[in-house]
4 protein chains.
Amino acid sequence: MPTDTDRLSALPRPQPRKKKLSREEKAQLTLRNLLEAAAAIVGEHGYAATTIANVTREAGVAHGTFYNYFEDRQALFDVLLPYVGERMTDYITASLAGVGGGLEREVARFRAYCGYLRVNPGFYRILYEAEVFAPKAFDAHIERLTEGYVRAFRRAIAAGDCYEMGDEELRAIAGILLGARAYVAMQFKDTGVIPETAIAAYESLMKQGLFKAK
Amino acid sequence: MPTDTDRLSALPRPQPRKKKLSREEKAQLTLRNLLEAAAAIVGEHGYAATTIANVTREAGVAHGTFYNYFEDRQALFDVLLPYVGERMTDYITASLAGVGGGLEREVARFRAYCGYLRVNPGFYRILYEAEVFAPKAFDAHIERLTEGYVRAFRRAIAAGDCYEMGDEELRAIAGILLGARAYVAMQFKDTGVIPETAIAAYESLMKQGLFKAK
Amino acid sequence: MPTDTDRLSALPRPQPRKKKLSREEKAQLTLRNLLEAAAAIVGEHGYAATTIANVTREAGVAHGTFYNYFEDRQALFDVLLPYVGERMTDYITASLAGVGGGLEREVARFRAYCGYLRVNPGFYRILYEAEVFAPKAFDAHIERLTEGYVRAFRRAIAAGDCYEMGDEELRAIAGILLGARAYVAMQFKDTGVIPETAIAAYESLMKQGLFKAK
Amino acid sequence: MPTDTDRLSALPRPQPRKKKLSREEKAQLTLRNLLEAAAAIVGEHGYAATTIANVTREAGVAHGTFYNYFEDRQALFDVLLPYVGERMTDYITASLAGVGGGLEREVARFRAYCGYLRVNPGFYRILYEAEVFAPKAFDAHIERLTEGYVRAFRRAIAAGDCYEMGDEELRAIAGILLGARAYVAMQFKDTGVIPETAIAAYESLMKQGLFKAK
DNA sequence: GATGAATGAGTGTTCATTCAT
DNA sequence: CATGAATGAACACTCATTCAT
C-alpha cells in the first residue's frame, strides 16, 4: 500500500501546463487533496474528530476512495505529521537564510517557529496531538528536529559560540529547547500574538541562564 | 453532580472507629475506586481507550454506578488530572523540604519530577494526553504549576539567587521550564531511567545559558 | 399494593388545622405530592419524559419512596388519569348546574370542556397520551364518559329534546361527540383560546346536521 | 439526508427491464423495506417498542444500514405517517369513485375509512400514536385531511347539498368529523368488525343533527 | 416508612472498513 | 481506479427497580 513517506516528497510538483491530467497526475492530485483535507480537519478539530467521511467529503472524493490511498485511518495519521512537518522545517530553514550564528540564530529560529504557527495555526494540533494519535510519527518528527538541533549545536561549538558538550547532552538540550518552544506556543495558541516577552525571556535564558553564579 | 474538585480533597478521611462503613463512607470509597481505576487505565492505555465499561470493571462496580458519580465520561476526564496532579505536586513539595534555594533547588525540583514519573509512570499519559481529552483541566494544571513557579522565582530573586525579571517574563520562563521538563520526561518515558546527562544539561542551562557572551 | 383508584377518592381532604400530622396523614400527603408531581410533569412533558427520578424530585421525596406508594411506574400511570379525570368531570358537572336541557346543555358541556382545558392545559396530554401509556385507564375514562353521555341522552330523550335512539346508537353518538371534543381541543391546544367558530359549528351540527334533506 | 417525503413518492417505480437491480434501485428497495418493517412494527406494537434493532431485523438489513437512510430514529417516525397516510387516502379516494355527493358521499367516506382500518389494522396505532411520537407528522396529516374535507364541503355547498358555512366553520366541522371517525375507530379497534350501528348513528347525525328543533 | 446508592439490561448512535458495481 | 451502500462491533448513556441502612 502506497502510504510511505517517500512517496510524499514526490507529491505535487507545480503542475505543468497541460490541461488533461494523466492518470498518475490525477492520482497524485487526489492524494494531495486527501492530505490537505486531513490537515485542515485535524488542525481545526483534532485527530479524534477526523473521520474518513469528513476527510473524503472535504477532499471531494468518494468515501471508498480513501482506501485506495491509505491502508487505514492510522496510515493517514502516520503520514500527516511528516507531510506538514516538512513544510514547517522548510519555512524555518528559509527564514534562517543569512542569519548569523550562535545566540542570534537560535533566537531567530524561535521567532520563526512562532511566526509559522501564527500563519498555520492548525500545525499546533497536528503536531501535539500526534503524540497520542500517531506516536511513531511524533517520535520520528522529534527525532528529526533533535538531530537538526544537534548538528546546529555542533556547528555553533565549532564556531566557538556555544559551550562544549557531548552528543548526549546536546540531545538533552535539544529536547529542552523543543519543549520550551512547545509550551510557549501553547501559551499563545489562543491569542495568536507573538509573545515578545517570551522571546526576550528565552533569549535571556540562552544567554546567561537563570541563576547567578555564587 | 458531585464531580467538583472540592469533593476530592475531602476524600479518604482515615475512617472513624466504626467497623461498618456508613453509607456516605461507602460512597466516598466508590468514588475513590472509580478514580483510581481511571487513573490506572488512562495511565496505561490513554484516555481514548478508557471506556466506562473498563473503568467500572476495574473499580469493581456496576456499569451504571459510574453515572451516580459523574455526569458523563468527560466529567471523569476533567477531574482526573486534578486528582492525580495534586499528588504529584505534593510529592515534589515534600521532596524539596530542606533543600536550599536558587539553582540547587531548581535542579532538585527537576530531579524530583523525574523521580515521581519513574514511580508513577502513568502520570505522563494522564498529564500530556489531557491537553487533548481534558483541555480545561490541562490548562488549569499548567496555570497552577506556572503560578507556583512564579512564586518560587520571586523568592529566589528576593534572595539574590536569580536574575531580576518582571512577572510576564517569569511566566514565560515557567512555561519554558515546564516544557523542558515535559520533553525530557517524554524522552525517557519508555526506558524509565532517570537521565543523568539530561539533568546535567538542564543544570548547565540554568547556570550559564547555552551561548557564550561575545 | 395500594395503587387502586378507590384509595384516591379518600385522598387529601382539606387538612384539619392540626400542626402535627399523624403518620397516616403524612403518608396521604406524600401520595398526593407524588400524584401532583406526576400530573405536572406528564401534563407538560408527556408520559415518556416522566421518570421516577423526575417525579420524586418534583415531589420532594427520595427516589426509593416512590415504591412505597406504587408497585411500579405503570401503576402510577394507571392511576393518574382517574385522579385528574375526576376533577375534570367534577368541574364540568358544576358548570352545568342550573343549565337547561337538550341542545343548550350539550353546548354548555362543550364550552365547559374547553374552559377546563384552558385553565388546565396539562390535562390534554395526560388524557390523550394515556391511550398509549395507560390504555386501561384511558379505556376506563372513555367508558365512564360514555356512560355519562348515555344517561344524559336518555334524559334528553325522555324530555323530548332528542331524537329517539337505542343504547348502542347512543354509545356510538357518545363516541362521536367525545372525538369531536378531542379534536377541537387539539386544534386549539397551542393557542389556548376558546374557538367560538368551533362552538358555533358544533352547535349547528347538533341542531340540524350537516346535510340538507333532499 | 434522504428522509424527505418527496423521495417517498418516487419510491417503487416499476423496475425497468433490467434483471439486475442497479445500485440506486437496490437502495430504493432497502428504504422501502425499512419503511414497511417500521410500519408493521409500529402498527402492531407501537412507536415506543419500535427499536432500530427490531426494524433492521425485520427489514433484513444490518443495524447500521438504518443510518444510511435516516438521520435518527425520530426521522423514521416523522416519515412513517406520511408514507402510510398517503396509501390510506388513496384507498378512500378510490372507494369514493362514482359515489354521489352530499350525505351519501360522506357516509361512504366514513364506511371506507372503517374498511381500510379493518384491512390495515396497524394504521390505527401509526396514526394515533403519532400525536405523541411524531407530532409534526401528525399535525401535517390532520392538516392535509382537513383541507381535503374543506374542499369536499365547498363542492357540496356549491351543489346545494350542504348548509352554507365559512371556511373557519368548515375547518371546525372537519375537525369534528375527523375526531368522530377516530373515536369510532377506537371503539372497534379490538373487534375489527365494522359497526353498523355506529355508521347509522353517524348518518343520522349528519342528516338531522341530534336535538329536535323546539 | 424513608432513604439514596447500586444495579445491569437495553438502546440509540458512530464509524472504520469492505466490496459489488 | 472511483463509487457509495452495507456492515456490525463498540460505546455512551438511561432509568426502572432493588435493598441495605
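Just so we're on the same page: letters track the sequence lines, and every chain starts at 1.
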Visitor: Kindly say if A:T30 contacts the phosphate of F:dC1, meaning a side-chain N or O under 4.0 Å from OP1 or OP2.
Guide: no

Visitor: Tell me: CG of C:L34 to C1' of E:dT3, nearest whole Å?
Guide: 14 Å

Visitor: Say you draw a straight line from CG of A:L127 to CZ of A:R125; how long is it, rounded to the nearest 0.5 Å?
Guide: 12.5 Å

Visitor: Mind listing the residues from residues 51-65 of chain B sitting with a heavy atom below 4.0 Å of DNA chain F? Number order is fine.
Guide: B:T51, B:I52, B:H63

Visitor: Give, for atom CD of A:Q74 and atom CG of A:D78, the distance between the pair rounded to the nearest 0.5 Å.
Guide: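 Result: 4.5 Å between the selected atoms.
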
Visitor: Walk me through it: do A:L76 and A:F66 pass the test side-chain contact (heavy atoms from CB on, under 4.5 Å)?
Guide: CA-CA 9 Å; A:L76 166 66; A:F66 179 87; 3.8 Å; yes

Visitor: Just how far, in rounded Å, is P of E:dA6 from CD of B:Q28?
Guide: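 Distance, rounded to whole Å: 12 Å.
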
Visitor: Separation of B:R23 atom CZ from F:dC19 atom P, in whole Å?
Guide: 15 Å

Visitor: After noting the C-alpha distance and the side-chain angles of D:T56 and D:L34, does the key distance pass the side-chain contact (heavy atoms from CB on, under 4.5 Å) rule?
Guide: CA-CA 7 Å; D:T56 51; D:L34 286 168; 4.3 Å; yes

Visitor: Closest-nucleotide mapping onto DNA chain E: is A:Q74 or D:R73 further toward the 5' terminus? I mean the 5' end.
Guide: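 Result of the comparison: D:R73.
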
Visitor: Less than 3.5 Å apart, which donor and acceptor atoms pair up between the side chains of residues 46-54 of chain A and the rest of the protein, not counting sequence neighbours?
Guide:
{"residue": "A:Y47", "atom": "OH", "partner": "A:I126", "partner atom": "O", "Å": "2.7"}
{"residue": "A:T50", "atom": "OG1", "partner": "A:G46", "partner atom": "O", "Å": "2.7"}
{"residue": "A:T51", "atom": "OG1", "partner": "A:N54", "partner atom": "N", "Å": "3.0"}
{"residue": "A:T51", "atom": "OG1", "partner": "A:N54", "partner atom": "ND2", "Å": "3.3"}
{"residue": "A:N54", "atom": "OD1", "partner": "A:R57", "partner atom": "NH1", "Å": "3.3"}
{"residue": "A:N54", "atom": "ND2", "partner": "A:A49", "partner atom": "O", "Å": "3.0"}

Visitor: Taking all atoms of both residues into account, what is the closest heavy-atom pair of A:L80 and A:L35, and its distance?
Guide: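 Here A:L80 and A:L35 meet closest at CD1-O, 3.8 Å.
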
Visitor: Within this structure, what is the CZ-CD distance for the pair D:R32 and D:E25, rounded to the nearest 0.5 Å?
Guide: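 So the gap between those two atoms works out to 13.0 Å.
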
Visitor: Taking D:T65 for the side chain and D:V61 for the main chain, is one N or O donor matched with an acceptor at less than 3.5 Å?
Guide: no

Visitor: Calculate the interatomic distance between C:Y67 atom OH and E:dG4 atom P; express it in whole Å.
Guide: 16 Å

Visitor: Looking at D:E58 and D:I41, what are the two nearest heavy atoms and their distance?
Guide: CB-CD1, 4.0 Å

Visitor: A:F133 has an atom CZ; how far is it from atom C1' of E:dC15, in whole Å?
Guide: 15 Å

Visitor: In this structure, how many angstroms lie between the P atom of E:dT13 and the CZ atom of D:F77, rounded?
Guide: 10 Å

Visitor: Just the rounded figure in Å: distance from P of E:dG1 to CG of C:L29.
Guide: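 So the CG-P distance, C:L29 to E:dG1, works out to 15 Å.
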
Visitor: To the nearest angstrom, how far is C:L31 atom CG from E:dA2 atom C1'?
Guide: 15 Å

Visitor: How would you list all residue pairs meeting side-chain hydrogen bond (donor to acceptor under 3.5 Å, both in side chains) that involve residues 33-44 of chain C, not counting sequence neighbours?
Guide: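 As it turns out, the side-chain hydrogen bond (donor to acceptor under 3.5 Å, both in side chains) pairs with a partner in residues 33-44 of chain C, which skip direct neighbours, are C:E36-C:Y83, C:E36-C:R87.
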
Visitor: Taking only heavy atoms on the protein side, list every residue of residues 37-49 of chain B lying under 4.0 Å from any atom of DNA chain F, sorted numerically.
Guide: none

Visitor: Let's test your reading of the model: under 3.5 Å, does the base of E:dA5 pair with the side chain of B:N68 as donor and acceptor?
Guide: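 Flag unset: no donor-acceptor pair detected.
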
Visitor: I'd like a table of donor-acceptor pairs (distance under 3.5 Å, sequence neighbours excluded) in which one partner is a side-chain atom from residues 131-139 of chain A, with atom names and distances.
Guide:
{"residue": "A:E131", "atom": "OE2", "partner": "B:Y124", "partner atom": "OH", "Å": "2.4"}

Visitor: Hey, what do you get for OH (B:Y67) to CD (B:E71), rounding to the nearest 0.5 Å?
Guide: 10.5 Å

Visitor: Using a 3.5 Å limit on both pairing distances, list the dot-bracket string of DNA chain F from the 5' end; Watson-Crick and G-U wobble pairs count, crossing pairs take [ ], interstrand pairs take |.
Guide: .||||||||||||||||||||

Visitor: Check whether any side-chain nitrogen or oxygen of A:Y69 sits under 4.0 Å from OP1 or OP2 of F:dA2, and answer yes or no.
Guide: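 It does, given that an N or O in the side chain of A:Y69 lies less than 4.0 Å from OP1 or OP2 of F:dA2.
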
